[in-house]
Amino acid sequence: MSEESSSIMPVRGDILLGLIVIDFVSGTIIAVANGFLFITIYRDPCQCLRTPSVFLIANLSVADFFMGVVSYLRAIELIHRYFSLGNLVISILNMIEYFIGAVSILVAVSTLMAMSYDRYIAVIKPFQYPQKINNTRAKVAIAIIWINALVMCVLPIADVKRENFLLAYCYSHFVIPSFILTAVYVKIYKMIARQRQELKDVRASLTAASRRKQLERENRMAITFVLILFIFYFSFLPYFINIQILYFCSCRSSYAYNVYHYIANEFLSLSSTINPFMYAWRLPMFNRSLRLCFRRRKNNNVIATWNGTNSNQN
């Protein structure tokens, strides 16, 4: 996502070439990795991926996929800058990239907040979870998230100064959520630790053992969401600094800032590149489902090859 791109001075050609390669590589990884994730969720081989948490993960993955599209658009824009092919095409590409990137990041932040609320209820109020959180409510929340993002990103087109929009955008979707979500996860971990301690004093029973396993699952998922949240804010931090420099620092006219501007935009795709691998690494249900999908695909290929060989022999 870029801002006031026409006012950004050009940088050296070798830097542009490096950024173009990074954009194409990251865009491809994002598209392929999230594509496998979509296929896995759609097929659901373990019959365990039709839950509110997974629907929210899928929604975050959709936002990540569009950040892959932004990476390709940014690469095409940089190619036009490298060959000086015309400011009109660059302006059009920049406007499309800006809109898709802004919507994707707004959806990602809102989805992370919804995921945090989902974990909060699951840990703090586990017996009320089925009533408060279900698939229908998760789908309604996802629809609201997308409508809110689209409406927010139309504001700059509706004669709202981009400076005001970007500053409000950064503080409302970076600074404020970072404090709120930190407090939420601190409370979640305190509750998990307290419940673990309480279960240590309970005599061995099927109920206690089942609750311990459930706590371990909740703890693992909470840690996964914290890591995803941390990676997102780590990838967004350079862009946040970039906006502060752009509007509040006189060094915005320097060559060093111009280079930093491009690098900050590259960081926006970092979390979208890592997230799919985080699910497969940290969440056993995704790990098992991915393995089953690949295993079935491999078996189907073997059967197809065997049938083809037999038909040729006949």
Side-chain angles (χ1 to χ4, degrees), residues 1-6 23 26-27 30-31 34-35 37-38 41-42 52-74 76-77 90-118 133 135-178 180-181 228-229 232-233 235-236 239-240 242-243 246 264-265 267-273 275-276:
M1 193 173 64
S2 180
E3 68 291 322
E4 306 296 342
S5 183
S6 59
D23 279 326
S26 64
I30 292 169
N34 284 284
L37 185 65
F38 295 152
I41 294 174
Y42 175 75
S53 299
V54 174
F55 284 130
L56 292 173
I57 289 173
N59 192 53
L60 181 59
S61 186
V62 172
D64 289 339
F65 181 85
F66 279 113
M67 285 305 297
V69 174
V70 170
S71 292
Y72 282 124
L73 290 173
R74 191 163 53 230
I76 296 170
E77 177 191 336
I90 292 174
S91 297
I92 294 172
L93 286 171
N94 181 254
M95 183 166 43
I96 298 172
E97 173 196 333
Y98 169 81
F99 182 78
I100 297 176
V103 170
S104 300
I105 293 174
L106 282 169
V107 168
V109 174
S110 300
T111 304
L112 287 169
M113 295 187 73
M115 291 162 71
S116 302
Y117 177 74
D118 173 76
I133 311 291
N135 289 347
T136 301
R137 291 189 176 184
K139 292 174 183 177
V140 170
I142 289 170
I144 293 172
I145 285 170
W146 280 95
I147 292 170
N148 172 69
L150 290 170
V151 170
M152 284 284 293
C153 292
V154 169
L155 291 179
I157 303 174
D159 206 24
V160 174
K161 288 185 179 181
R162 182 172 287 193
E163 175 183 350
N164 297 336
F165 171 76
L166 285 173
L167 290 174
Y169 174 89
C170 286
Y171 282 94
S172 63
H173 289 80
F174 179 76
V175 177
I176 296 175
S178 65
I180 294 174
L181 296 180
I228 291 169
L229 184 67
F232 173 80
Y233 282 115
S235 65
F236 194 80
Y239 182 80
F240 175 78
N242 180 34
I243 296 298
L246 181 64
N265 281 307
F267 263 85
L268 289 173
S269 301
L270 180 63
S271 63
S272 301
T273 307
N275 282 348

Heavy atoms of L106 and M152 approach each other most closely as CD1-CB, 3.7 Å
Considering all heavy atoms, the nearest N34-S272 contact: ND2-O, 3.9 Å
Nearest 0.5 Å, what's the OG-OH distance between S26 and Y72? 8.0 Å
Side chain to side chain, V70 and R74, heavy atoms closer than 4.5 Å: yes
Value for OH (Y98) from CG (N94), rounded to nearest 0.5 Å, stands at 9.5 Å
Look at the side chain of N275 and the backbone N and O of S271, then say whether any donor-acceptor pair between them is shorter than 3.5 Å. yes
Tell me which one of F267, F174, Y239 satisfies ring pair (Phe, Tyr, Trp, His ring centres under 6.0 Å) with Y233. F174
Beyond-backbone contact of I228 with L60, side-chain heavy atoms, under 4.5 angstrom: yes
With a 4.5 Å limit on heavy-atom distance, are the side chains of F236 and I105 in contact? yes
Minimum heavy-atom distance between F99 and L150, given as atom pair plus value: CZ-CD2, 4.1 Å
For a quick test of reading the model, state the closest non-hydrogen atom pair linking I30 to D64 and the distance between them. CG2-O, 3.1 Å
Approximate separation, where rounding is to 0.5 Å, of C153 SG and N148 CG: 9.0 Å
Quick one: does S110's side chain have a donor or acceptor within less than 3.5 Å of a partner on V107's backbone? no
What's the separation between atom OG1 in T273 and atom CE in M67, rounded to the nearest 0.5 Å? 9.0 Å
Atom pair CZ (F65) and CG (L37), whose distance is rounded to the nearest 0.5 Å: 12.0 Å
Are M113 and P177 packed together at the side-chain level, in the sense that at least one heavy-atom pair is separated by less than 4.5 angstrom? yes
With rounding to the nearest 0.5 Å, note down the distance linking CZ in F232 to CG in L268. 8.5 Å
Closest heavy-atom contact between L73 and L93? CD2-CD2, 4.2 Å
Starting from the C-alpha separation in whole Å, work towards a yes-or-no answer on side-chain hydrogen bond (donor to acceptor under 3.5 Å, both in side chains) for S269 and S71. CA-CA 7 Å; S269 301; S71 292; 3.0 Å; yes
Which pair of non-hydrogen atoms, one from F55 and one from I142, has the smallest distance, and what is that distance? O-CD1, 3.5 Å
